[in-house]
Amino acid sequence: MSKYLGILTAGGDSPGLNAAIRAVGKASLGTYKMKLVGFRDGFRGIVHNRTVKLDDGALSNIITRGGTILGASRDKPHKMEVGNIVMDMTDVVVENYHKNHLDALICLGGGGTQKNALRLFQAGLNIITLPKTIDNDVAMTDTTFGFDSALAIATESIDRLHSTAHSHHRIIIVEIMGHKTGWLALGAGLAGGADVILIPEIPYDIQVVAEAIRNRSKAGKRFSIIALSEGAFSREDYEIKQAANSKESTGGNSMTREEVEDRMANRTMRLSALLQELTGLESRVTILGHLQRGGAPTAADRILATRMGTACARLVNDGVYGVMVASKGEEAVPVPLDQVAGKRKTVPLDHPWIEVSRKIGTCLGDLV
Ligand code: F6P
């Protein structure tokens with residue numbers, strides 16, 4: 001009896017998802033003679049039993065396409081909005097899994113998806129996941145597909161900002177995605193030759209940043225590019241945020257919750273205004289946003305997604321479940337979901353990218 005697989009894409013989309021769906025599909029239908037059905041829009045699709053036929057024709061001509069042919073959502077089975085109420089829909093997922101005669105459900109997603117997938121595995125389903133996200137923050141895998149493509153877009157953006165920053169003798173802050181980690185900003189900042197790189201792993205001192213820019217001006221370089229991770233905080237903001245989060249110290253924090261939220265939401269513009277004041281240079285902000293998630297995947301992401309997808313089909317064929325397919329060097333290895341779920345891969349402070357940034361004189365916002 002051939003196995004019947006379901007597949008869905010959850011969380012934010014990322015380039016490489018279609019390459020992974022294609023790889024899972026081609027290997028499972030062709031090599032392992034299994035059957036495959038897709039579910040629309042992440043976990044919501046299996047709750048509402050909205051299926052997509054995934055035959056050879058549907059898998060053709062999609063490797064070059066960005067986004068996901070299945071659609072995506074950030075819905076969680078155990079906390080799903082249904083009408084106006086939030087409900088635990090785990091039992092419905094289990095029911096529809098069996099209604100579709102599935103032998104396994106493949107979930108493509110980032111950190112949140114790994115947690116949801118573990119819950120479904122604990123509810124008795126045969127689950128296997130693939131790590132995708134532009135943030136590269138999934139634990140236990142060298143990298144995630146989507147990261148390389150987003151890195152290329154962010155790097156090209158920094159390249160383009162250089163000429164206008166130079167012409168107008170300006171500071172340009174380019175805000176780069178990455179959620180709570182600095183992989184994208186650090187990688188793109190390094191590759192794009194940013195003068196300052198600010199990431200969440202290193203709370204920055206605004207005076208240190210201003211001094212680095214003033215020193216550049218003194219050396220005749222009257223422009224600066226700052227690669228700023230969306231999750232980065234100044235030391236001061238970090239402390240305010242910590243104080244607001246900690247019950248004991250809220251009494252000592254004179255700001256209301258709204259004031260704290262407002263300050264955090266506007267910290268990129270605030271950084272820009274403060275640097276303008278401290279350096280005497282004009283400053284502008286570019287927020288790359290979802291541009292980084294759009295468009296075709298790079299060759300590296302297509303290859304990575306194809307490696308991970310084919311390994312996934314092999315593991316399902318072997319009956320290995322409750323795992324994420326991780327990339328370790330050139331290998332694709334199964335890692336138990338409970339070693340991945342709820343963990344975040346941040347940039348280690350001794351990472352070679354940090355070391356080389358410092359060696360070439362890039363300011364990381366701290367005093368070293
Ligand atoms: O996780 C990918 C990511 O693009 C993050 O970098 C970013 O913080 C977040 O998703 C944005 O999410 P949304 O598309 O839901 O606004």
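Note: hydrogens, waters and symmetry copies are ignored here, and every other heavy atom, side chains too, is used. Start at 1 and go down the list; that is how both ligands and their atoms are numbered.
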Looking at Glu259 and Arg263, is there a salt bridge between them, counting it only when a charged N and a carboxylate O are closer than 4.0 Å?
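Salt bridge absent between Arg263 and Glu259.
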Salt-bridge present (Asp13, Arg293; N to O < 4.0 Å)
yes
Show me the short polar-atom pairs for ligand 1: any N or O of it lying under 3.5 Å from a protein N or O, with distances only.
residue  : atom   : partner : partner atom : Å
ligand 1 : 1 (O)  : Asp135  : OD2          : 2.7
ligand 1 : 4 (O)  : Arg293  : NH1          : 2.8
ligand 1 : 6 (O)  : Asp135  : OD1          : 2.6
ligand 1 : 6 (O)  : Gly178  : N            : 3.2
ligand 1 : 6 (O)  : Glu230  : OE2          : 3.3
ligand 1 : 8 (O)  : Glu230  : OE1          : 3.4
ligand 1 : 8 (O)  : Glu230  : OE2          : 2.6
ligand 1 : 10 (O) : Arg74   : NH2          : 2.9
ligand 1 : 10 (O) : Arg293  : NH1          : 3.0
ligand 1 : 12 (O) : Arg74   : NH2          : 2.9
ligand 1 : 14 (O) : His290  : NE2          : 2.8
ligand 1 : 14 (O) : Arg293  : NH1          : 2.9
ligand 1 : 14 (O) : Arg293  : NH2          : 3.0
ligand 1 : 15 (O) : Arg74   : NE           : 2.9
ligand 1 : 15 (O) : Arg74   : NH2          : 3.4
ligand 1 : 16 (O) : His290  : NE2          : 3.4

Answer yes if the ring centres of His166 and Phe223 are under 6.0 angstrom apart, and no otherwise.
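His166 vs Phe223: aromatic centres under 6.0 Å.
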Look at atom NZ of Lys76 and say whether more than 12 heavy atoms of other residues, nucleotides or ligands are closer to it than 6.0 Å.
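Not buried by this count: 12 neighbours or fewer within 6.0 Å.
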Taking the side chain as C-beta and beyond, is there a heavy-atom pair between Leu271 and Leu198 under 4.5 Å?
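They are in side-chain contact.
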Sub-4.5 Å side-chain heavy-atom contact between Val52 and Val37:
no
